[in-house]
Protein chains: 2
Amino acid sequence: MFTPAQYQILTAISRSGTMSRTDLAGVTGLSKASISMLTKELIGRGILGERELVFGQGRPSVLLGLEANAASFVGISLQADPTILLLTDLHGAPRARMELPRRRGHEQCLTELVEALPTLLSRAGQPVGPISGIGIALPGFVSRDRTTCLYSTALGWSNVDIVGYLATLCDIPAYIENDANALILGEQLFGIMRDCPDFSMIAVGDGIGCAHIVDGRLHRGHNGGAGEISHAPVVLDGGTIGALPCRCGKRGCLETVATLQAIRAAARQAGLPSDIAELAQMAQTGRPEALAILHRAASALGIAIAQLIQMFDPSHVVIMLDTALKGEVFGAMVQQTVEAHVMRRPDGQATLYLRDAQKDGFASGAASLAAQQFLFGLDR
Amino acid sequence: MFTPAQYQILTAISRSGTMSRTDLAGVTGLSKASISMLTKELIGRGILGERELVFGQGRPSVLLGLEANAASFVGISLQADPTILLLTDLHGAPRARMELPRRRGHEQCLTELVEALPTLLSRAGQPVGPISGIGIALPGFVSRDRTTCLYSTALGWSNVDIVGYLATLCDIPAYIENDANALILGEQLFGIMRDCPDFSMIAVGDGIGCAHIVDGRLHRGHNGGAGEISHAPVVLDGGTIGALPCRCGKRGCLETVATLQAIRAAARQAGLPSDIAELAQMAQTGRPEALAILHRAASALGIAIAQLIQMFDPSHVVIMLDTALKGEVFGAMVQQTVEAHVMRRPDGQATLYLRDAQKDGFASGAASLAAQQFLFGLDR
DNA sequence: TTTTATAGTTTATCAATCGAAATAAGTGCC
DNA sequence: GGCACTTATTTCGATTGATAAACTATAAAA
């Protein structure tokens, strides 16, 4: 779609919102002459637009920004039932939304998704740009070429060539990604971690997802399995002997203690309410049994994050907590454990960001898969 | 020194040893015409040379290879006392070697190193190319711009601008790096992991070093501390309560169980010989106390490696064992623990490579710091 | 010997980019 | 208001790096 130099410009502007031509020359390393030519074409194609003037000494500079309606993207989250479809613009802002109950077979499921696109488009209040890509976030393993779902317990799919199948149904390019990876890409592109080249994310919900941005790019790992932290051996005091067995066959996995399901199960067993919000409430008021359960989960999570920080040395770690866990208590406990287990470095420490999971986070991340292709080109 | 396209050529040839011009056109994506021009210049400058012909159908192709004497590099290891200086050629082969007792102050230490260079050069039997870079591997933290040693307990240095100081002493460019990082770069450039874009290394000696190659590049982490695995919480059965306290203040760190020092200490306490080779011998003949100590160390290491594989998903993990630990027993125990703790993936597993640490591994890695600059350019 | 296949070179050409000069559009001072 | 000064952006000719296509070289196969 664009030349490498144009992608440089789009990337830079997408990161910082708006930039003058001279700013662009500075960050891209291109000459002002080139920037002039390139931006002229991008403005001509409706991708960039001139914004307000910035006055200083001399001639004021003209800020350039992305035209929100130059293109739109569809993000689809298969992470949970129902499937969520989100239409976003070039700024990553949602413009329309819909839900679909999930079908079993992948053919029916994908066909319905494509058939739903016109409805989705019609729901956008304001006019939007042409759909230039579809991103899909799914729970499971994705092949290295990112066309095929190798295996997904949640969906019951194995070896489904999603990109290939969608290509037979419509001619909008499609991109798939593991759900945690989609989520972190969303944060990197349009979220709080904009422009941050080295950070990790860990998302706690019914499962535990984790992903890394290394050197500005998503680190997928050799088999696309980087970030599989659920089965990290996080043995707490008492050793593995007392720990719960995990479905992976080991004992003491993070998953057996720190997912919502694990917390609920522990609460049930202790005769406490299995509703997490209620449990958190009890903990806040000082009920020791409730506190103990949450503390166990938070400690395990903290230890896993500490291991991650030691090995990876990210500049930031984003901890996405399910809304049920939000509030001061749980987050603080995690933070405390991390701090206790990370060795001090001579020049600073990873910063933790506690965040409540957004309702459409996965779908939004999925949309940013397509946005990423549009704005940065294929190489990323 | 070279244009980006020339670096592409040098990189490709360095990886595979020799390539024909047509091969180069294939892997670099450049046209045959460009390759023709570029190689002509590189041959003219004495960097590349024509090797044997390969006959097939049609005109035979001429293999091109790096001229070993086009340049040489000095690698300096401050990892242990004495300091080791190694002179290597473009193939990474050692051509001269010397040792220096380590001096306390950084000024005296660095000055002596520079003064030793003529001696080092004179010890090369065959003539070598001009020294085009000095690489230094040091135990400790290196600043993000890789000019300064932020802090090193072993050396007793803090905030020493090594690169800046060396620039005042001689005008050969110098590059510094953390010792584990230098070691892995050596493996990537001239060792068994040539051409592998995603792998990790863990080196067990008096300390435990770890480093990662991600996407073909060294992953330093935000504060240059990626790979600090020594203090990974590796709690074994029995929980943290029984675990030894670590100098970092925590309990159950990998370092307290799996370094040579830790193994020696455990042996002493059990009334066994503190010589590791002897201990390994006893374990091999079935002495349970000796086996238990080694098993404890190997398990801890295996768990840490399993955590690493889960989080990073490297294609390979190189385990460098001190020569004292070499032999079947210890390595097999590590391997077993790793396999027990890594979750199966749908498309393959990380491969473990057990390797005996080379005597001059760190110095050789340090030399490859400079070689990397020469062959790949500054961007890597 | 002729044909065919593949490797590498030459040459005319193209597209991206640059440096320098020109132009645009303000501020501040008299 | 007018002039000096500053900074942003555009224009233009020149340069560079890479290319396609035609050409030469050199072998195996027929």
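The shown structure was predicted, so the numbers you read here are calculated from the model rather than taken from an experiment. Below, chains carry the letters A, B, ... as their sequence lines are ordered, and counting in each starts from 1.
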What's the NZ-P distance between K32(B) and dA25(D), to the nearest Å?
-> 15 Å
For residues 47-56 of chain A, which side-chain donor-acceptor pairs fall under 3.5 Å, sequence neighbours excluded?
residue : atom : partner : partner atom : Å
E50(A)  : OE2  : R21(A)  : NH2          : 2.4
R51(A)  : NH2  : L66(A)  : O            : 3.0

Calculate the interatomic distance between Q6(B) atom CD and dT16(D) atom C1'; express it in whole Å.
-> 13 Å
Want to settle it: does P4(A) or F55(A) sit nearer the 5' end of DNA chain C, counting the closest nucleotide to each?
-> P4(A)
When you get a sec, tell me which of dA18(D), dT9(D), dA25(C) is the closest nucleotide to the side chain of P60(A)?
-> dA25(C)
Do N69(A) and R95(A) have side-chain N/O donor and acceptor atoms under 3.5 Å apart?
-> yes
Please state how far atom CG in L63(B) lies from atom P in dA7(C), giving the value in whole angstrom units.
-> 11 Å
For L24(B) and dA7(C), what is the distance between atoms CG and P respectively, to the nearest whole Å?
-> 12 Å
To the nearest Å, how far apart are Q8(A) CD and dA16(C) C1'?
-> 12 Å
Salt-bridged, R220(B) to E177(B), with N to O below 4.0 Å?
-> yes
Of A33(A) and S61(A), the one whose closest nucleotide on DNA chain D sits nearer the 5' end is S61(A)
Stepwise ring pair (Phe, Tyr, Trp, His ring centres under 6.0 Å) check, H212(B) with F312(B) = CA-CA 9 Å; H212(B) 316 278; F312(B) 248 81; 4.0 Å; yes
Let me know the distance between CG of L30(B) and P of dG17(D), rounded to the nearest Å.
-> 13 Å
Which nucleotide in dC18(C), dA7(C), dA27(D) has an atom nearest any side-chain atom of S31(A) = dC18(C)
Between P of dA7(C) and CE of M19(B), the distance in whole Å = 13 Å
May I ask you to check whether T11(A) and S14(A) show a side-chain donor-acceptor distance below 3.5 Å?
-> no
Using the six-membered ring wherever Trp is involved, compare the ring planes of H316(A) and H222(B) and label them parallel, tilted or perpendicular (cut-offs 30° and 60°).
-> tilted
Can you find a side chain N or O atom of Q57(A) that sits less than 4.0 Å from OP1 or OP2 on dT7(D)?
-> yes
Report yes or no: is there a donor-acceptor pair, N or O only, under 3.5 Å between the side chain of R59(A) and the base of dA25(C)?
-> no
Quickly work out the Y7(B) OH to dG17(D) C1' distance and round it to whole Å.
-> 17 Å
Residues touching DNA chain C, which here means a heavy atom under 4.0 Å, drawn from residues 35-52 of chain A = none
Does the pair E187(A)/R194(A) count as a salt bridge with the N-to-O cut at 4.0 Å?
-> no
dG8(C), dC18(C), dT19(D): which one has an atom nearest the side-chain heavy atoms of T22(B)?
-> dG8(C)
